There are 2 protein chains.
Amino acid sequence: MKNLPGLENVQTFLALAQDLNFRRTAERLHLDQSALSRRIQKLEQGLGFRLLDRTTREVSLTQAGQRFYQDNAEVMRSYDEAIRAARSVAEGKSGLLRVAYMAFAATELMPSAMLRFRQAHPHIEVRLEYIRTQGQKIALANGDVDIGYMIGPFDHPDFHALQLSSEPLYVVTPRSHPLLLRPKIVPADLAGQPVILGNMREWEEYRWRLNDLFSAEGIALDVALEASNTLALNGLVAAGLGITIYPESLIGFLGRNVEVRQVMHPSFRSRTVLVWKRSNRSPQVQAFVQVAKQIGLQAS
Amino acid sequence: MKNLPGLENVQTFLALAQDLNFRRTAERLHLDQSALSRRIQKLEQGLGFRLLDRTTREVSLTQAGQRFYQDNAEVMRSYDEAIRAARSVAEGKSGLLRVAYMAFAATELMPSAMLRFRQAHPHIEVRLEYIRTQGQKIALANGDVDIGYMIGPFDHPDFHALQLSSEPLYVVTPRSHPLLLRPKIVPADLAGQPVILGNMREWEEYRWRLNDLFSAEGIALDVALEASNTLALNGLVAAGLGITIYPESLIGFLGRNVEVRQVMHPSFRSRTVLVWKRSNRSPQVQAFVQVAKQIGLQAS
DNA sequence: CGGCACTGATGCACAACATGCATCAATAAA
DNA sequence: TTTATTGATGCATGTTGTGCATCAGTGCCG
């Protein structure tokens, strides 16, 4: 970048150009008259042309000085505006926040947090993106998103992870199914039942979580079928081909041709965590965490 | 005007923001790394918010820093442009020049100077104004015009006056007139001749000059009539009511019903001078003087 | 796991620089 | 002429920015 001469003294010149009197201006700037005189000299020397014609009795702007004054008054206004804008970003009063979310957060957690957040910080632009848990980890690491709702638990030294909710899991069955007769369903009741799940590509992290839960109870998961979308899954269950396991947040989206019962077990729950990079200390993220935390706590 | 913090160091920040590496940037700026580090610290402190996130391994812009960078890159471009514009005015490559002229310069001197000037300095805006000699003195003193063609001589410590031409005077007579029979007309021949002149309001300085010339020769000027416009003057002379005295530059505009003869006398001439304020050192004026001088010299 | 290279931050001494004071020359007003 | 006010300037001083040396933190490589 080319060196721009005299930048430091432009403000001084502008002040002087306003009342065209060294002593008065110097006083206004809490400066000695001589210092002001030298600043202007230095500015002119740096620029290579005169800005002011001075006699001992009166000071006037040269034509170049007039032009320089008008243009730079505008430049300084722009600079002031730039500071204002940057500060507003720094204080989190504006700026951009990129939020990723996965299916379980899409129905309640994320939307209600979003609502509150927009009310509290209307000047922050929010960009929402649906990304599954694994993808979020990459996106966060790359800096493509600022914060993500993912399936927990998540633990990594580079990231903050805040658990927002822990929702019960439900077994989804056809309308008449032997399990429905039981007063209370526990994990052990599901042993040997044919289970229909979304395929790995779609359900990924959730399936790993289910596997963990069942194997922790010593129960083998009998995956009878895989479905590639929710409608098909619902249909297959309704047709009696097996059961499936759904988190609470999604059961409202099942059809009327299936029944749901909560799986009563303290660890049979799906945890949703809010994750962001430790190195990302942007105030937008801080502000969003504040809001999401409150929403999460009342939901869990 | 509000104080704008950190202006001095914005350029430094912009340079740093470009490659996000203190050592490399410092080297590029011929600075020690520590000095750069402190400049940025000072800038941030002045602004009150961080512009860069620094770990020992990598430097990145905060969101506020990004915004600050983008905005101020533009601001610095504007400043650069402001310098360029002011310099171009200072060097006389652009700007405004206000030129006043009186009738004798309107036919040849001013137009041909104007032509040359426009070719040499096409970026300088010229504003032309017809003002008679006396009015020009006031306009120049007020700064309403930069330079004027007036009837000379003119001498005043506050002004530069450059004589551009010295044109012979002509006596204007009806087509048949006793004077025309003489092989050569001298001022003494005009003694006792009834003379028709423009009125004081229109001819002002020129009439004073004629009075001077005649009285210097000991000849009384017999003003028989006054005319308020050139056509009337021409008509009155043609009708035989008297003669009049015209400068060379205007005789081409007389009708065919009059005759002209040069008045042969070294001091019977009309001088046109170019006048401008000594305090006005604007390059536009200098440039115009250069051109007008050349035109004037070849014309005189 | 242990050097190694490279990062930005910091303590310190020094030099450069801007500042304030006193004063000057020029000029307008009284 | 006197007086007051203008901007410029010489000089001593205090502030400030700079460079050098060094530190602590971190990724890389064997």
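Naming convention: chains lettered A, B, ... in sequence-line order (proteins, then strands); numbering from 1 in each chain. Not measured: the values here are computed from a predicted model.
- Side-chain contact, B:Ser60 with B:Asp53: no donor N or O sits under 3.5 Å from an acceptor N or O.
- One interatomic measurement links the two molecules: CD of B:Glu27 to C1' of D:dG19, which rounds to 15 Å at whole-angstrom precision.
- Straight-line distance from the CG atom of B:Asp32 to the C1' atom of C:dA15: 14 Å, rounded to whole Å.
- Set against D:dG19, D:dA8, C:dT7, the side chain of B:Ala35 has D:dG19 as its closest nucleotide.
- At least one side-chain heavy atom of B:Met114 sits less than 4.5 Å from a side-chain heavy atom of B:Leu128.
- The distance between atom CD of A:Gln41 and atom P of C:dC17, rounded to the nearest whole Å, is 16 Å.
- Between the CG atom of A:Asn21 and the P atom of D:dT6 there is a distance of 5 Å, given to the nearest Å.
- Of the two residues contacting DNA chain D, namely A:Ser34 and B:Leu31, the nearest-nucleotide position lying further toward the 5' end is that of A:Ser34.
- Rounded to whole Å, atom C1' of D:dG7 lies 12 Å from atom CD1 of A:Ile40.
- Residue-to-nucleotide proximity on DNA chain C shows that, of A:His30 and B:Arg54, the 5′-proximal contact is made by B:Arg54.
- No hydrogens or angles were tested; on distance alone, nothing pairs the side chain of B:Ser37 with the base of C:dG8 as donor and acceptor under 3.5 Å.
- If you check every strand for non-hydrogen atoms under 4.0 Å, B:Arg39 touches sugar and phosphate atoms only.
- Looking at every heavy atom in both residues, B:Phe22 comes nearest to B:Ser37 through CE2-CA, 3.6 Å.
- Aromatic pair A:Tyr79/B:Tyr79: ring centres not closer than 6.0 Å.
- Counting any heavy atom pair closer than 4.0 Å across all strands shown, B:Leu36 reaches no nucleic acid atom.
- Across all strands shown, B:Gln33 has heavy atoms under 4.0 Å from base atoms, whether or not it also approaches the sugar-phosphate.
- Between B:Phe154 and B:His156, the ring planes lie parallel to each other; the angle is under 30°, not in the 30° to 60° tilted range.
- Heavy atoms of A:Arg57 sit under 4.0 angstrom from at least one base atom.
- When the C1' atom of C:dT27 is taken as reference, atom CD of A:Glu58 falls 11 Å away, rounded to whole Å.
- The CG atom of B:Leu20 sits 9 Å away from the P atom of C:dG8 (whole-angstrom rounding).
- For C:dT19, the OP1/OP2 oxygens have no side-chain nitrogen or oxygen of A:Arg38 closer than 4.0 Å.
- Between the C1' atom of C:dT27 and the CZ atom of A:Arg23 lies a distance of 14 Å, rounded to the nearest Å.
- Within 3.5 Å, no donor on the side chain of B:Thr56 pairs with an acceptor on the base of C:dC6, nor the reverse.
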